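Note that this is a predicted model, so its numbers are computed, not measured. Within every chain, numbering begins at 1; the chains are lettered A, B, ... in the order of the sequence lines, protein sequences first and strands thereafter.
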Protein chains: 2
Amino acid sequence: MNAVDKIIDKAEQICLNRGTRLTAKRKQVLAGLIESNKALSAYELIDFCESHYGDTFSAMSVYRILEFLEEEGLAHRLNIANKYVACAHINCGHTHETPQFLICRECSKVREIRITPDAISNLKDNASDAGFMLVTPQFEMSCICKDCAPQQPNL
Amino acid sequence: MNAVDKIIDKAEQICLNRGTRLTAKRKQVLAGLIESNKALSAYELIDFCESHYGDTFSAMSVYRILEFLEEEGLAHRLNIANKYVACAHINCGHTHETPQFLICRECSKVREIRITPDAISNLKDNASDAGFMLVTPQFEMSCICKDCAPQQPNL
DNA sequence: ACGCGATATGTTATGTTATAACATTACGAG
DNA sequence: CTCGTAATGTTATAACATAACATATCGCGT
Ligand SMILES: [Zn+2]
Ligand SMILES: [Zn+2]
Ligand SMILES: [Zn+2]
Ligand SMILES: [Zn+2]
């Protein structure tokens, strides 16, 4: 059983425990997100599934499935990029805290890291001082990854 | 001369100094952003200008003008909201550092605050440890503003 | 095994955000 | 005044996302 299958398997257990179902279609979409190894737009994901699994999805289906996966904590929507990414922590035991996403603006590779509680409370305090209550469930930042850095002019 | 006109006037000087032109159309769009007092999508901005100034823009024009305003530092694109907002610091002397935007997810009101150099270098270090170089010119966070908080269930 | 309600998927249409490509107009330096 | 550049107009289309309703599938109680 390869690494991806293991993650899918874990995802299925998570759904079972929550009383939801990781159907074949949903597995396929989640597998696409995991195997692509980067963030994909819904339409890129459709193409990926078509070319890698020969399975074809309508945009509607993919959006619905992505919504499901996000509710289950198995995928995340990256708002600054209009793309979707598999959760990097499906397989590791720890609870899923407020994530921070480092997104390569060149190749859409993503690192999902944990932000320190300090940093969060700092941000909350700053917002609060300005009369705003922080409700964002995640932080997203545009970056250049190591692989893409060499190709960048003027860095 | 009212407050908005003063800002527009300052914006015009800024453009002059940079060798660019704040044309009548561009002034209109910038005025719309300022007077609306919140973030607007390009299409909302078109409606605003139509209803408040009787001036009609094509989507194409507005996108071009928004691009111009952003290049001149007079407006900002809010990626997490797909909306645009006038810079809150056109009129105050200080240089424009990395901004942090607190965006009300209910009413699109925006506070543009400065993020402390500490906090930035902290974020940069964290990213760097993960093999990513932070290049984001701004930080955006989804919030609830004071006015909208009372209407929120379960807060 | 059967019937039924709930969940999931299929299908078509449409809304929303954004850019491409090319034509025309306005502006300003020489 | 004239010519090149910058700005705007116009039309078409790409890319992202949701609405509304039809059909199929699943799982439970009988
Ligand atoms: Zn995650
Ligand atoms: Zn990269
Ligand atoms: Zn600003
Ligand atoms: Zn609000």
Side-chain angles (χ1 to χ4, degrees), chain A residues 11-12 15-33 38-50 53 55-72 74-85 103 105 108 140, chain B residues 11-12 15-33 36 38-50 53-72 74-85 103 105 108 140:
Chain A
E12 191 159 26
C15 288
L16 268 174
N17 290 339
R18 291 171 46 91
T20 58
R21 279 180 293 157
L22 194 65
T23 62
K25 294 278 184 188
R26 287 168 176 173
K27 277 184 195 175
Q28 201 78 280
V29 168
L30 180 55
L33 279 181
K38 59 174 192 162
L40 297 176
S41 76
Y43 290 85
E44 287 168 344
L45 185 48
I46 289 169
D47 293 345
F48 188 95
C49 287
E50 168 99 53
Y53 314 129
D55 205 346
T56 161
F57 292 89
S58 68
M60 197 60 250
S61 295
V62 165
Y63 277 106
R64 277 195 290 227
I65 290 171
L66 286 169
E67 188 185 15
F68 170 85
L69 293 174
E70 206 180 3
E71 279 165 1
E72 303 303 313
L74 301 172
H76 302 291
R77 173 177 160 78
L78 302 177
N79 294 297
I80 68 169
N82 290 346
K83 291 184 193 295
Y84 304 83
V85 71
I103 306 162
R105 71 175 182 199
S108 295
E140 306 173 28
Chain B
E12 192 159 26
C15 288
L16 269 174
N17 290 339
R18 291 171 46 92
T20 59
R21 278 181 295 157
L22 194 66
T23 64
K25 293 278 185 189
R26 287 167 176 173
K27 276 183 198 176
Q28 202 79 280
V29 168
L30 181 54
L33 280 181
S36 74
K38 59 174 192 161
L40 297 176
S41 76
Y43 290 86
E44 288 168 344
L45 186 48
I46 289 169
D47 293 345
F48 188 95
C49 287
E50 168 100 52
Y53 314 129
D55 205 346
T56 162
F57 292 89
S58 70
M60 198 59 251
S61 295
V62 165
Y63 277 106
R64 279 195 289 226
I65 289 171
L66 286 168
E67 188 185 15
F68 170 85
L69 293 175
E70 206 180 5
E71 279 167 1
E72 302 304 313
L74 301 171
H76 302 292
R77 174 177 159 75
L78 301 176
N79 295 297
I80 67 170
N82 290 345
K83 292 184 192 295
Y84 303 83
V85 71
I103 306 162
R105 71 175 182 199
S108 295
E140 307 172 27

A.B. asks: When the distance from CZ of B:R77 to C1' of C:dT19 is rounded to whole Å, what number comes out?
C.D. replies: 12 Å
A.B. asks: Would you say D:dC26 has OP1 or OP2 under 4.0 Å from some side-chain N or O of A:R21?
C.D. replies: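 No, outside the criterion.
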A.B. asks: At less than 4.0 Å, is any side-chain N or O atom of A:N82 found next to OP1 or OP2 of D:dA17? Yes or no.
C.D. replies: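 Yes, because at least one side-chain N or O of A:N82 sits under 4.0 Å from OP1 or OP2 of D:dA17.
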A.B. asks: Quickly work out the A:F68 CZ to C:dT7 P distance and round it to whole Å.
C.D. replies: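 The distance from CZ of A:F68 to P of C:dT7 comes to 12 Å, rounded to the nearest Å.
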A.B. asks: I need the CZ-P distance between A:R26 and C:dT7, as an integer number of Å.
C.D. replies: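 One finds 11 Å between P of C:dT7 and CZ of A:R26, rounded.
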A.B. asks: Using whole Å, what does the distance between atom P of nucleotide D:dG9 and atom CD1 of B:I65 come to?
C.D. replies: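 Atom-to-atom, B:I65 to D:dG9, this comes out as 8 Å.
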A.B. asks: Where is the tightest heavy-atom contact between B:L74 and B:A11, given as atom of each residue plus distance?
C.D. replies: CD2-CB, 3.8 Å
A.B. asks: Please confirm whether the shortest side-chain N or O distance from B:S61 to OP1 or OP2 of D:dG9 is below 4.0 Å.
C.D. replies: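 Result: yes.
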A.B. asks: Taking all atoms of both residues into account, what is the closest heavy-atom pair of A:A39 and A:L78, and its distance?
C.D. replies: CB-CD1, 3.8 Å
A.B. asks: Quick one: B:E67 CD to C:dT17 C1', roughly how many Å, whole number?
C.D. replies: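 Atom CD in B:E67 sits about 15 Å away from atom C1' in C:dT17.
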A.B. asks: Is any side-chain N or O of B:R64 closer than 4.0 Å to OP1 or OP2 of D:dA7?
C.D. replies: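 It does not, given that no N or O in the side chain of B:R64 lies less than 4.0 Å from OP1 or OP2 of D:dA7.
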A.B. asks: In whole angstrom, what separates B:M60's CE from C:dC22's C1'?
C.D. replies: 12 Å
A.B. asks: Identify the two heavy atoms, one from B:T20 and one from B:E72, that lie closest to each other, and give their separation to 0.1 Å.
C.D. replies: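 In terms of heavy atoms, the two residues are closest at OG1-OE1, 3.2 Å.
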A.B. asks: Expressed as a whole number of angstroms, how long is the span from A:K83:NZ to D:dA15:P?
C.D. replies: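 After rounding, the gap between these two atoms is 11 Å.
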A.B. asks: For B:I46 and C:dT17, give me the distance from atom CD1 to atom P, rounded to whole Å.
C.D. replies: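 Taking CD1 of B:I46 and P of C:dT17, I get 10 Å after rounding.
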A.B. asks: What I want to check is whether an N or O donor and acceptor connect the side chain of A:Y43 with the base of D:dA14 at under 3.5 Å.
C.D. replies: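 Flag unset: no donor-acceptor pair detected.
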A.B. asks: Name the residue closer to the 5' end of DNA chain D, choosing between A:A59 and B:S58 according to the nucleotide with the nearest heavy atom.
C.D. replies: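 Its nucleotide being nearer the 5' end, the pick is B:S58.
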A.B. asks: According to side chain to side chain donor-acceptor pair (under 3.5 Å), who are the partners of B:D47, at least two apart in sequence or on a separate chain?
C.D. replies: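 Side chain to side chain donor-acceptor pair (under 3.5 Å) check on B:D47 returns nothing, list empty.
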A.B. asks: Is it the case that C:dA20 (base atoms only) and B:Y63 (side chain only) share a donor and an acceptor within less than 3.5 Å, ignoring hydrogens and angles?
C.D. replies: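 There is none.
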A.B. asks: Taking only N and O in the side chain of B:K25, is any of them less than 4.0 Å away from OP1 or OP2 of D:dG9?
C.D. replies: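 For D:dG9, OP1 or OP2 has a side-chain N or O of B:K25 closer than 4.0 Å.
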A.B. asks: Minimum heavy-atom separation for B:N82 and B:R77, please, with both atom names.
C.D. replies: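 Closest approach of B:N82 to B:R77, heavy atoms only: OD1-NH2, 3.3 Å.
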A.B. asks: Does the side chain of B:S41 get closer than 4.0 angstrom to OP1 or OP2 of C:dT17 through an N or O atom?
C.D. replies: yes
A.B. asks: Once you apply a heavy-atom cut-off of 4.0 Å, does B:Y84 come out as touching a base, just sugar-phosphate, or nothing?
C.D. replies: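 If one applies the 4.0 Å heavy-atom cut-off, B:Y84 turns out to touch the sugar-phosphate alone, with no base involved.
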